[in-house]
Amino acid sequence: MSMTIEALLTPAEYQARRATGFAGEVCVVFDVLRATSVIVTGLAQGAKGFIPAEEISGAVALRAKHPGALLAGERGGLRINAKQSGGVEFDLGNSPLEFTASRVADKFIICTTTNGTRALRACETAEALVVSSFLNLSATALWLQSRGVERVALVCAGTGEAASLEDILCAGALCDLLLKSGQANMLQDSAEVAIRVFQSAQDDLLGAMRHASNARRLLENPKLQDDVEFCLRLDAFGMVGLMGRDGIVRPA
Ligand code: MLT
């Protein structure tokens, strides 16, 4: 079985592909800092599922349909407050360290973030949509292998409208794993860019974060700085999240 991998390195690329759709492709979405790391952590702590919404208003509207669900997310990195949402105080922000079993087990979580939830929604026409991060990188590779996936798009959520280093590093780390295990045999140039970036930084990923604007923003905030190291923990969890046709991400 052969696997071809492409990488969508910027929001403009995945938004353009949203228009044409991802038929026949499996999308693996990365928002290392922090949306996909949060989803993976929350699912590993026993959350029933995450429901990503692009806008704050959409998240609030979804809660009317899922009354027991928690509301989570950020704007500018900080938990969404009543002023931003038209009166609803969000239960959680977007720090993986908040998503403990005591807060999230057995709950659905409606989340909205600046880029991560936008990237997830943009890929909803994919054959399958895998939520990935450094926290579940090997589990992601194993899932792709077990399904005999042939065409993979690695989708980097980015920061605002720009590419983000941490997402490209993680996409490159997955390419590296898939190549070494003999699963992937065809990298498009975009995936080649990602793997080469990863190989140049793999010995000191935390050090590389000094060059990542998203990481610098978190490191400057004493309440959020620990998120960066946490989100770089390789294979902390052995599961993947899959977004179903109903738009809910559940453990595979
Ligand atoms: C995003 O979706 O853009 C990020 O998760 C932002 C953040 O965590 O601050």
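When a ligand or atom number is given, it counts from 1 through the structure's own listing order. Computed from a prediction, not measured in an experiment: that's the story for all the values here. Throughout, numbering of the chain's residues begins at 1 and tracks the sequence.
Comment: K223 does not engage E98 in a salt bridge, judged by the lack of any side-chain N to carboxylate O separation of less than 4.0 angstrom. Salt bridge E54/R18: present, at least one basic N to carboxylate O contact under 4.0 Å. Electrostatic pairing of R17 and E25 counts as a salt bridge here, judged by a charged N lying under 4.0 Å from a carboxylate O.
For ligand 1, the protein residues placed under 4.0 Å by at least one non-hydrogen atom are D31, L33, R34, A35, E74, G77, N94, T113, T114, N115, G116, R217.
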Q: Starting from the C-alpha separation in whole Å, work towards a yes-or-no answer on side chain to side chain donor-acceptor pair (under 3.5 Å) for D227 and S95.
A: CA-CA 6 Å; D227 288 358; S95 167; 2.8 Å; yes
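Clustering ILVMFWY residues whenever any of their side-chain heavy atoms sit less than 4.5 angstrom apart, transitively, puts L219 in the very cluster that holds L169.
With F134 as the fixed residue, the side chain to side chain contact (heavy atoms under 4.5 Å, CB included) test singles out one of L234, T36, V40: L234.
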